[in-house]
Number of protein chains: 2
Amino acid sequence: MDARPDLFRALGDATRRTILDELTDRDGQTLFEICGRLTMKHGLASSRQAISQHLAVLEQAGLVHTRRQGRYKFHHIDTSPLRSIVERWPIDREEPTP
Amino acid sequence: MDARPDLFRALGDATRRTILDELTDRDGQTLFEICGRLTMKHGLASSRQAISQHLAVLEQAGLVHTRRQGRYKFHHIDTSPLRSIVERWPIDREEPTP
DNA sequence: TTGACAGGCAAGTGGCGACTTGCCTACAAC
DNA sequence: GTTGTAGGCAAGTCGCCACTTGCCTGTCAA
């Protein structure tokens, strides 16, 4: 029935949406960087394991890609799956008054 | 932290997404029409109460507006809240090769 | 090689949300 | 009025999901 249920499940959680905000602001962060910034900037006191699981969900949805380098794992945002949303339920264009 | 959590909660359920598909195909249906078409076209055997609750969630998210007329209540889709998604996490434009 | 750091895996728990059940209100035709 | 139709309300159940807890793997510096 549904093309990619993982996408909507990933967007369904507020913490995961904040992670996407954080990666939009600064792309390519590690898990510990994201943890620190979520605590500092957004006032979220989430554990490392919780964030790790969130990142796994985001990666499964194709919204985040990872790149390993030594003992670091960098996370990169990919917003292209969001395109399927506006393609599925077209948004009426605002015609700018000429 | 989050502008409209109701929007993402509404999109989080597969049945609600199918309802949006159905309203995209034919706008302004009543509750019983939606029930019938979900059963026929999409093979969903959802009860009237379940669909009613789904429609309430969609309306709270601003994705569906209702219009009463006699004992009928017509449901209309409104995709404009979806705009906030692509505005929040901008999608890289595909430049058409000139 | 030992310690510290970055991350992973898996079982268990608690709360929220989808769905049911049962009864009620409103409008219309007869 | 009575009957049938369209929809609403509220309590209860059940399963999934976010989060925790505990331990393990891999990498780098000393």
Side-chain angles (χ1 to χ4, degrees), chain A residues 1-2 4-23 26 28-40 42-61 63-76, chain B residues 1-2 4-23 26 28-40 42-61 63-76:
Chain A
M1 159 180 56
D2 206 277
R4 31 190 125 198
D6 292 341
L7 171 61
F8 298 99
R9 190 173 104 72
L11 293 176
D13 186 84
T15 302
R16 283 195 286 269
R17 295 194 293 272
T18 308
I19 291 176
L20 291 181
D21 291 337
E22 189 50 49
L23 288 180
R26 173 184 289 209
Q29 298 188 54
T30 67
L31 171 59
F32 275 48
E33 282 177 315
I34 296 172
C35 284
R37 292 183 136 236
L38 285 184
T39 304
M40 296 301 170
H42 304 272
L44 295 182
S46 298
S47 69
R48 175 184 63 87
Q49 291 82 350
I51 304 297
S52 177
Q53 290 172 3
H54 281 311
L55 286 171
V57 174
L58 288 170
E59 188 173 8
Q60 193 178 354
L63 289 167
V64 163
H65 295 172
T66 58
R67 169 175 55 96
R68 270 217 164 263
Q69 188 171 346
R71 59 175 167 176
Y72 298 103
K73 186 179 183 182
F74 299 100
H75 300 266
H76 297 268
Chain B
M1 157 182 55
D2 206 279
R4 32 190 126 199
D6 291 341
L7 171 61
F8 298 99
R9 190 174 103 72
L11 292 176
D13 186 85
T15 301
R16 283 196 285 269
R17 295 194 293 272
T18 308
I19 291 175
L20 291 181
D21 291 338
E22 190 50 49
L23 289 179
R26 173 185 288 206
Q29 298 188 53
T30 68
L31 172 59
F32 275 46
E33 281 177 316
I34 296 171
C35 285
R37 292 182 138 238
L38 285 184
T39 305
M40 296 300 169
H42 304 272
L44 295 182
S46 299
S47 70
R48 176 184 62 87
Q49 290 84 349
I51 303 297
S52 176
Q53 290 172 3
H54 282 311
L55 287 170
V57 174
L58 288 170
E59 188 173 8
Q60 193 178 353
L63 289 168
V64 164
H65 295 171
T66 59
R67 168 175 57 95
R68 268 216 165 265
Q69 188 171 345
R71 59 174 166 175
Y72 298 102
K73 187 178 183 182
F74 299 99
H75 299 265
H76 297 268

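Everything numeric here is computed off the predicted structure, so don't read it as measured data. Chain naming here is simple, since letters A, B, ... match the order of the sequence lines and numbering starts at 1 in each.
Applying the 4.0 Å criterion to OP1 and OP2 of D/dT27, one finds that A/Lys73 has every side-chain N and O outside that range. Taking 4.0 angstrom as the limit, B/Arg9 places a side-chain polar atom (N or O) nearer than this to OP1 or OP2 of C/dA18. Using a 4.0 Å cut-off, some side-chain N or O of A/Ser52 falls inside it from OP1 or OP2 of C/dG8. Note on B/His54: every side-chain N or O is 4.0 Å or more away from OP1 and OP2 of C/dG17. Dashed line: the shortest gap from a side-chain N or O of A/Ser47 to OP1 or OP2 of D/dC19 is not under 4.0 Å.
Atom-to-atom, CG of B/Asp13 to P of D/dC17 comes out at 11 Å; the value is rounded to the nearest Å. Between the CZ atom of A/Arg71 and the P atom of C/dA6 there is a distance of 6 Å, given to the nearest Å. Rounded to whole Å, atom C1' of C/dA18 lies 13 Å from atom CG of B/Leu44. A/Leu55 places its CG atom 16 Å from the C1' atom of C/dC9, with the value rounded to the nearest Å. Atom CG of B/Asp6 and atom C1' of C/dC16 are 14 Å apart (whole Å). Rounded to whole Å, the distance from OH on A/Tyr72 to P on D/dT27 is 13 Å. Note: CD1 (B/Ile51) to C1' (D/dG7) measures 14 Å, nearest angstrom. To the nearest angstrom, P of D/dC9 lies 13 Å from CG of B/Leu31.
Counting non-hydrogen atoms of neighbouring residues, nucleotides and ligands closer than 6.0 angstrom, the CD atom of B/Gln60 reaches no more than 12 such neighbours.
The 5' end of DNA chain D is approached more closely, in terms of each residue's nearest nucleotide, by B/His75 than by the other of B/His75 and A/Gln49. Take the nearest nucleotide of DNA chain C for B/Gly12 and for A/Thr30: the residue whose nucleotide is more 5' is A/Thr30. The 5' end of DNA chain D is approached more closely, in terms of each residue's nearest nucleotide, by A/Ala45 than by the other of A/Arg68 and A/Ala45.
Note that the CG atom of B/Leu63 and the CG atom of B/Leu23 stand 10.5 Å from one another [nearest 0.5 Å]. Separation of atoms NZ (B/Lys73) and OG1 (B/Thr30) is listed at 11.5 Å; rounding is to 0.5 Å. Taken to the nearest 0.5 Å, the CZ atom of A/Arg9 stands 10.0 Å off from the CG atom of A/Leu58.
For C/dT20, its base sits under 3.5 Å from the side chain of B/Gln53 at one donor and acceptor pair at least. One can find a donor-acceptor pair under 3.5 Å joining the base of C/dG7 and the side-chain atoms of A/Arg48.
Closest to the side chain of A/Thr15, from the set C/dA6, D/dC19, C/dA18, is D/dC19.
Of all heavy-atom pairs spanning A/Asp6 and A/Ala61, the tightest one is O-CB, 3.6 Å.
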